**Student:** 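Sharing a structure below in structure tokens format, with a few things to ask.
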Amino acid sequence: YMKNILKLLSVPFLAVMMSTVFADDHMQSTDFFPVEFYHGCEFSRGKDVTDLEDPIADWNEFEDESGNDSYSAWVLTPIFHSNVDFNGETAIWMGTWNSWSDMGSELNNYFSNGTSAAEGFNKVWNCANHSLTALSIVRSNPNPNTDDGVLSFQSCTINDGKSLNDLVEADAKWNNFADSAGMSGGTYRMFPTAGIMAEDDEVDFWQMSAVTSLEAWGANAQKYVDNNGGLVQASIYGEVVSCEDQEIYQASSKRSASAN
């Protein structure tokens, strides 16, 4: 998939991306976390998402034995989406580390000692793309450690004449509205970093919203409608950023990082 979620820019290093994005805005430093995606995955004949469970168990055993406790992972399957198979034959792997240094040390261990532990994945699917993004928090999720959840994605571009400073100011206004409307969940922004597809070079970032369940997603949608969220959102973000229609996935937790 990832035509809309992760048609990623071709930016070779995080440092280059950060200097490009922030140099002219003089923004204060903020926390960014590494998030990877395996996408464009094609299942082997007769296989579907349920066949991932055995290789995931083997991989988790290797991770546990290695003391790798910084990584969290989910398998994403489509709920609202176009041009995909809804019968378990479309899926995306999403993973995140607690820090960039943890990412480096755990990837080093994996490539030195763990590639055989992941061989089972290759018998189930073949993923054409492996992409890395830098995630920043727009709105904190009060329940970030839920096992499963619902994620929505939009690809976005900052409008001409506007900057990330304008976007941050708009975020503050939107968060105030979301608080007053009683909306739950978190909102995150993912900037392209590495392993990037070049075909979407107009996209500046991908916005991801996360809630604990479809029930919570529906409740937020109702609050959005009841409080004229469309008009409010247009008045806050309309001149600052343009985003494509959202696509929504069920996220099934496959590994949870230590809180430490």
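What you see is a predicted model, and the numbers here were worked out from it, not measured in a lab.
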**Student:** If I compare all heavy atoms of Gly46 with all of Asp51, which pair ends up nearest, and what's the gap?
**Tutor:**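 For Gly46 and Asp51, the tightest heavy-atom pair comes out as O-OD2, 4.1 Å.
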**Student:** Is there a donor-acceptor pair under 3.5 Å between the side chain of Asp204 and the backbone N or O of Cys156?
**Tutor:**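 Pair absent, no side-chain N/O of Asp204 close to backbone of Cys156.
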**Student:** Restricting to side chain to side chain contact (heavy atoms under 4.5 Å, CB included), what partner residues turn up for Asn126, sequence neighbours left out?
**Tutor:** none
**Student:** For residues Phe43 and Val49, determine if any side-chain heavy atom of one lies less than 4.5 Å from a side-chain heavy atom of the other.
**Tutor:** yes
**Student:** Which residue pairs pass the salt bridge (charged side-chain N to carboxylate O under 4.0 Å, His left out) test when at least one of the two sits in residues 106-126, sequence neighbours left out?
**Tutor:** none
**Student:** Is it the case that one hydrophobic cluster holds both Val240 and Leu231, taking links as side-chain heavy atoms less than 4.5 Å apart, direct or via other members?
**Tutor:**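 Looking at the clustering, Leu231 is in a separate group from Val240.
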**Student:** Is there a side-chain contact between Val124 and Pro55 (heavy atoms, below 4.5 Å)?
**Tutor:** yes
**Student:** Counting C-beta onward and ignoring hydrogens, is there a side-chain heavy-atom pair between Val241 and Leu167 closer than 4.5 Å?
**Tutor:** yes
**Student:** Distance only, no hydrogens: is a donor on one side chain within 3.5 Å (strictly under) of an acceptor on the other, for Ser155 and Glu244?
**Tutor:**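 Glu244 and Ser155 do have a side-chain donor-acceptor pair below 3.5 Å.
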**Student:** Using a 4.5 Å cut-off on heavy atoms from C-beta on, say whether the side chain of Val150 contacts that of Phe80.
**Tutor:**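 Side-chain contact under 4.5 Å: no.
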**Student:** Got a second to check how far Ser256's OG is from Asp69's CG, nearest 0.5 Å?
**Tutor:**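 Those atoms lie 12.0 Å apart.
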**Student:** Could you give the distance from CZ (Phe153) to CE (Met190), rounded to the nearest 0.5 Å?
**Tutor:** 5.0 Å
**Student:** Among residues two or more places apart or on two chains, list those pairs meeting side-chain hydrogen bond (donor to acceptor under 3.5 Å, both in side chains) that have a residue in residues 225-235.
**Tutor:**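 side-chain hydrogen bond (donor to acceptor under 3.5 Å, both in side chains) check on residues 225-235 returns Gln222-Asp226, Tyr224-Gln233.
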**Student:** For this output row, return yes or no: ring centroids of Trp206 and Phe37 closer than 6.0 angstrom.
**Tutor:**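 So the answer is no for these two rings.
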**Student:** Give a yes or no answer on whether the side chain of Thr96 reaches the backbone of Pro34 with a donor-acceptor pair at less than 3.5 Å.
**Tutor:** yes
**Student:** Out of curiosity, Gln154 CD to Ser209 OG, how far, rounded to the nearest 0.5 Å?
**Tutor:** 7.0 Å
**Student:** With a 4.5 Å heavy-atom cut-off, do Lys254 and Leu52 have their side chains touching?
**Tutor:**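 They are not in contact (no side-chain heavy atoms under 4.5 Å apart), so the answer is no.
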**Student:** Can you confirm if the aromatic rings of Trp93 and Phe121 lie within a centre distance of less than 6.0 Å?
**Tutor:**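 Yes - the distance between ring centres of Phe121 and Trp93 falls below the 6.0 Å cut-off.
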**Student:** Just how far is it from atom CH2 of Trp97 to atom CG of Leu132, taken to the nearest 0.5 Å?
**Tutor:** 6.5 Å
**Student:** Show the nearest heavy-atom pair for residues Ala210 and Leu151, with the distance to one decimal.
**Tutor:**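 Shortest heavy-atom separation between Ala210 and Leu151 comes out as CB-CD2, 3.4 Å.
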**Student:** Please check if the side chain of Asn176 supplies one atom and the backbone of Lys173 the other of a donor-acceptor pair under 3.5 Å.
**Tutor:** no
**Student:** Would you say that more than 12 heavy atoms from the other residues, nucleotides or ligands in this model lie under 6.0 Å from the CD of Glu239, or not?
**Tutor:**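 No, not enclosed.
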**Student:** Closest heavy-atom contact between Tyr71 and Glu63?
**Tutor:**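 In terms of heavy atoms, the two residues are closest at CB-OE1, 4.4 Å.
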**Student:** Under 4.5 Å between side-chain heavy atoms, counting indirect links through other Ile/Leu/Val/Met/Phe/Trp/Tyr residues: same cluster for Met94 and Val138 or not?
**Tutor:**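 No, no single cluster joins them.
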**Student:** Taking all atoms of both residues into account, what is the closest heavy-atom pair of Thr77 and Ala91, and its distance?
**Tutor:**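 That would be CG2-CB, 4.3 Å.
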**Student:** Consider only side-chain N and O atoms of Asp48 and Thr50, and report whether a donor and an acceptor are under 3.5 Å apart.
**Tutor:** yes
**Student:** Mind listing the closest non-hydrogen atom pair of Ile236 and Ala170 along with its distance?
**Tutor:**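 Heavy atoms of Ile236 and Ala170 come nearest at CG2-O, 3.3 Å.
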**Student:** With a 4.5 Å cut-off on side-chain heavy atoms, are Tyr110 and Thr115 touching?
**Tutor:** yes
**Student:** Which distance, rounded to the nearest 0.5 Å, do you find between the OG of Ser184 and the CH2 of Trp217?
**Tutor:** 12.5 Å
**Student:** What residues form a salt bridge (Lys or Arg N to Asp or Glu O under 4.0 Å) with Asp171, not counting sequence neighbours?
**Tutor:**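 Once residues adjacent in sequence are excluded, the partners of Asp171 under the salt bridge (Lys or Arg N to Asp or Glu O under 4.0 Å) criterion are Arg189.
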**Student:** Does some side-chain heavy atom of Met208 sit less than 4.5 Å from a side-chain heavy atom of Tyr249?
**Tutor:**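 No, every pair of side-chain atoms sits at 4.5 Å or beyond.
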**Student:** Test your reading of the model: is there a side-chain donor-acceptor pair from Ser72 to the backbone of Ala257, 3.5 Å cut-off?
**Tutor:** yes
**Student:** Do any N or O atoms from the side chain of Thr193 and from the backbone of Ala134 form a donor-acceptor pair under 3.5 angstrom?
**Tutor:**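 Side chain of Thr193 to backbone of Ala134, a donor-acceptor pair under 3.5 Å: yes, one is there.
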**Student:** Which residues satisfy the ring-ring contact (aromatic ring centres under 6.0 Å, His included) test with Phe177, sequence neighbours excluded?
**Tutor:**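 If we apply the ring-ring contact (aromatic ring centres under 6.0 Å, His included) test to Phe177, skipping adjacent residues, the hits are Trp174.
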**Student:** Could you list the residues that satisfy side chain to side chain contact (heavy atoms under 4.5 Å, CB included) with Asn159, not counting sequence neighbours?
**Tutor:**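 Side chain to side chain contact (heavy atoms under 4.5 Å, CB included) list for Asn159, sorted by chain: Lys162, Ser242.
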**Student:** Backbone N or O of Ser70 within a donor-acceptor pair of the Asp102 side chain at under 3.5 Å?
**Tutor:**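 The answer is no, because no donor-acceptor pair under 3.5 Å joins these two groups.
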**Student:** Write down the atom of Trp74, the atom of Ala251, and the distance for their closest heavy-atom approach.
**Tutor:** CD1-CB, 4.1 Å
**Student:** For the residue pair Phe191 and Phe32, establish whether any side-chain heavy-atom pair is separated by less than 4.5 Å.
**Tutor:** yes
**Student:** Could you measure the distance from the CD atom of Gln250 to the CG atom of Leu214? Nearest 0.5 Å is fine.
**Tutor:**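 That separation rounds to 5.0 Å.
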